[in-house]
Structure formats: C-alpha cells, structure tokens
Number of protein chains: 2
Amino acid sequence: MLYFCKQVLTYMEKQNTEVRQEQIKQAVLDIIYTEGLKNLSTRNLAKHIGLSEGAIFRHFAKKQDITLAIVRDVQKDLIGELRSIAFSNFDPEDRLNQFLCHTVKYLLDNKGITMLMFSEASRNNDVVLKESLQQVFNSQKQLVSAIVLDGVAIGKWDGSIPVEYIADLYMGIPLSLNIELVLNQGKFQMDNFCQRMLVILLKILKK
Amino acid sequence: MLYFCKQVLTYMEKQNTEVRQEQIKQAVLDIIYTEGLKNLSTRNLAKHIGLSEGAIFRHFAKKQDITLAIVRDVQKDLIGELRSIAFSNFDPEDRLNQFLCHTVKYLLDNKGITMLMFSEASRNNDVVLKESLQQVFNSQKQLVSAIVLDGVAIGKWDGSIPVEYIADLYMGIPLSLNIELVLNQGKFQMDNFCQRMLVILLKILKK
DNA sequence: TAATTTAATGTAAGTGATTACTTACATTAA
DNA sequence: TTAATGTAAGTAATCACTTACATTAAATTA
C-alpha cells in the first residue's frame, strides 16, 4: 500500500477502557434523565462523550452490556451499602431509617436508573439482565425482612404481620418514588419523602 | 386507465373502525405480555390480528395514538369503577377492600398495561400522554385519600398520619405488583396479594 | 327494487430515517 | 514493535408511516 500523503487528524485523547466505561455509563443515565429513553442511541451516547460511535464498541461489545454493567454497579454500590446497613449494630429502628433514606438518596442521585433497568428488562427478554434485576429486587426484600425480624426478636416490634407482606409493601416505596420522578420530571419536591414513609412503616411495626 | 386483467384477491373481511381499534388495543397488550415491548412493532401488531400493516393506520393515525387510547380506556374503565367504589355507601373498610382488590384484579386481567404506560411515558416525551398518566396516578391517590378521610371522620380510623403520606404509600402497591409480574413473567402466584396488602393498610389506619 | 355511486376498509409495495454494529485504517502509549 | 484506542464510512435490518390502487358495504339514485 502506497501513501503519497499521510493524513493527520486531531484525535480524541486516548483513555483506558475503565475510564471510558465509567463515562459511558454516566452518559447513559444523563441521557435518560434529561432527554428520555428514546434518545438513548449509540450515536447520541457517543456525541455526549465526544467520541465516535465506533469507539463505544471498543469498550462495550454490545449496547445491552452497558445496561448490564449499570445493574452490576447497583448490585455492588447500592445493595452492598444496604447490606452493611442491615447488618450493622444500630438498633432496628435506626437501621430501617438509614436503609430507606439511603435508598431514596441513591435513587435521587442516580435519576433514571430504575427506569432504565425496568424498561430494558421489559423491552429485551434478556435472561441475564432479568435475573440481575430480580436479585436487586429480592436482595432489598430480604434485607428489609432481616431488619424487621431483628426488631421483632428483641420484642420491640409487632410480629403478627408476616414479614414477607411487609417486604412486599416496602418495595412499593422506591417504585412509587421513581414514578413520581418520571411523571413530574424535576418538579418533584419531596426532600422528606423517606421520613414520611418511615412514619408509616413504624406504625405498621408498632406493637 | 385500461384493465386487461382484473386481479382478484382474497381480502381480510372488513370490519368497522371501532371493532378494529379494540382488536388493535388488545393485540398491543397481548404482545407486551407475551413477547415483550421490543416486539411491539406495527408490523408484528398487524400480523397478530391478521391484517396488513397499512390497515393499522386506517384506524390509528399514529402508533402513539394506540397507547393514548389504551390510557383513555384505563381512565374510563378502571378509574371510573374505582370512583364509584370510593363514593359508594359501604363502610370505609369495605370500600378500601373493594378498591384495592378491584385494582389488583384489573392489573392481572390486563397484564402489560402498566409497563406499556410507563415505558411509553419515559420513552416518548409526549406531553398529552404524560398528563393522562399523571391523571390516572393522581386520581387513584385522591380516591384512596377520600376513603381514608371518611374512615377518620366517622371515628373509626386514626387520623394522626397525614392522608397524603398514606396515599403515596398506597400507590406503591400496584407498582410493586407490576414489577413482580414483569420479573417473574407468569410464575407469579399471589391470588391473595390484595388481602395481604389490606392487612397492612388496616394496621396503618388502626387507632 | 335494481342500478349506481361513494366512502370506508383493505392490500402490496414502497419511503426515508434510524438503529446497532462492523470494517479498514490511523494514532499513540507502553 | 505492538496492542489498545481512536476515526470515518460504511452495513443490513428495522422502524413508523405513505402511496396507489382493490374491494365492498352501504347510501343514493333511477
């Protein structure tokens, strides 16, 4: 192959794949929150970061893998922290408070994450993704159950309502928060949302 | 224009637009539940009914209008019935029971409806659709609040927890149900789901 | 009633836009 | 020198929707 003229291009500064993967995941959440899921194309994604579209596929083999990586982050970051709260040495009421408020804070700090997860889960029938989501969901239920059972065990809370019922109801709280976020898109003013819900949870658990 | 040969085709039996619109809406829900949202293309939709793709657009100008029509059905059918339950002459506890159990039954009978609504709302930034969804959501909150306030007024229930808090928590219940449906896809066995949740609601409201 | 017209409903075969992803090659850090 | 990361310019597939025309039920007219 002969070159008569060597083209000189201005290239995007190179970054290793770990850095780019983080940028890509963050851009996904940004786009979902500010432009909606329908604008979550690989083209728009690349534009947000300032890369070419092809570069995206250097760091994730398939678009779906980005979603999966985000769910893995949730498993590690959110569920990991919730687990350490659930098994800490505070009394059950403090743990429940921290548990709920940390969840609310995480969802507010990572807007769009729940919508991404469930939209992708219902859109693609990806088994791996669906199982990961189930795990995120069930982990929270189990951890809440553990806190409640501790409170019952020390004689502080009422044990007459089956703990699975309470866990099912509990899971509605973060879901409800997310729907509010989607429907009100920013106009959502509820800084004391977690305290509000806690008041009710404690009433449920009261002897 | 000259015809040397008049072509004779076997045509789909003609139906008026009201019938076709119902078939199309039902096919949308079937597809979402059985094949997932990603298979909700106009092509697949037409195939399910046995029509050509073009015929779909005889009955709905845009695909988005199908979703909107389904949300209108929910407003009329579900919210309409919930309203009549909320304002009936039964005592508050019976009304709350009927209200919740009717909602659960509607969602189980129309699987896919919530996923469609919220996925479309977060995907397209359609203002009309989003406002309709907000109305569906807020109507339920208001009706639940009305029942609770009645129970408090007759001195049966505890009025110390603000009724908006309870309404927010209540809305988590149908949302939680839907996530279970999506994640467990058929393996969901919870015929007494509404009774379970009712037990907790009554505990919250107990004096 | 019988013939004719019309409007609604149907079809096949397109349209351009967009999609996720690939390919061939350029650059550069190690 | 090599492997990782970048680019531009593709690819085939799919999307919602359109167009031109066929069929037919029902309304209108003879």
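Naming convention: chains lettered A, B, ... in sequence-line order (proteins, then strands); numbering from 1 in each chain.
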Residues A/S132, A/R72; criterion side chain to side chain contact (heavy atoms under 4.5 Å, CB included); working and verdict
CA-CA 8 Å; A/S132 301; A/R72 298 263 185 262; 3.0 Å; yes

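- Contact between the side-chain N/O atoms of A/H59 and the OP1/OP2 oxygens of D/dA4 is not found at any separation under 4.0 Å.
- Between the CG atom of B/N39 and the C1' atom of D/dC15 there is a distance of 13 Å, rounded to whole Å.
- Along DNA chain D, the nucleotide nearest to A/K14 and the one nearest to B/K14 differ in position, and the one closer to the 5' end is contacted by A/K14.
- For the OP1/OP2 pair of D/dG6 and a distance below 4.0 Å, the side-chain nitrogens and oxygens of A/R20 include at least one atom meeting the criterion.
- Atoms CZ (B/F57) and C1' (C/dA8) sit 18 Å apart, rounded to a whole Å.
- The distance between atom CD1 of B/I56 and atom C1' of D/dT19, rounded to the nearest whole Å, is 17 Å.
- With D/dT7, C/dC21, C/dT11 as the candidates, the nucleotide lying closest to the side chain of A/L51 is D/dT7.
- Look at A/T42 and you'll find a side-chain N or O under 4.0 angstrom from OP1 or OP2 of C/dA20.
- A/S41 comes within 4.0 angstrom of the backbone, heavy atoms only, and of no base.
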Salt bridge (Lys or Arg N to Asp or Glu O under 4.0 Å), that's the test. Do A/E13 and A/R20 meet it? Break it down for me.
CA-CA 11 Å; A/E13 191 188 355; A/R20 289 291 186 219; over 6 Å; no

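- The distance from atom CZ of A/R58 to atom P of C/dT28 is 15 Å, rounded to the nearest whole Å.
- Computed from coordinates, the B/Q64 CD to D/dC17 P distance equals 9 Å when rounded to whole Å.
- For the pair B/E13 and B/R43, both in contact range of DNA chain C, the more 5′-proximal nearest nucleotide belongs to B/E13.
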Please report the C-alpha distance between B/L108 and B/V104 in whole Å, then the side-chain angles of each, then the deciding distance to 0.1 Å, and finally whether the side chain to side chain contact (heavy atoms under 4.5 Å, CB included) criterion is met.
CA-CA 6 Å; B/L108 290 176; B/V104 170; 3.9 Å; yes

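- As judged by a 4.0 angstrom heavy-atom cut-off over every strand, A/I66 is placed among residues making no nucleic acid contact.
- Between B/K63 and A/E18, it is A/E18 whose nearest contact on DNA chain D lies nearer the 5' terminus.
- Listed nucleotides: D/dT5, D/dG6, C/dA20. Nearest to the side chain of A/T17: D/dT5.
- Atom pair A/K62:NZ and C/dT22:P shows a separation of 10 Å (rounding to whole Å applied).
- Side-chain atoms of B/R196 never come within 3.5 Å of backbone atoms of A/Y165 as a donor-acceptor pair (strictly under, hydrogens ignored).
- The CG-C1' distance, from B/L45 to D/dT14, rounds to 15 Å in whole Å.
- The partner of C/dT6 is D/dA25, judged by Watson-Crick or G-U wobble contacts that both fall below 3.5 Å.
- With a cut-off of 3.5 Å on both Watson-Crick or G-U wobble distances, the partner of D/dA30 is given as C/dT1.
- Other residues, nucleotides and ligands contribute at most 12 non-hydrogen atoms within 6.0 Å of the NZ atom of B/K105.
- Residue B/Q15 contributes atom CD, which lies 19 Å from atom P of D/dT23 at whole-angstrom precision.
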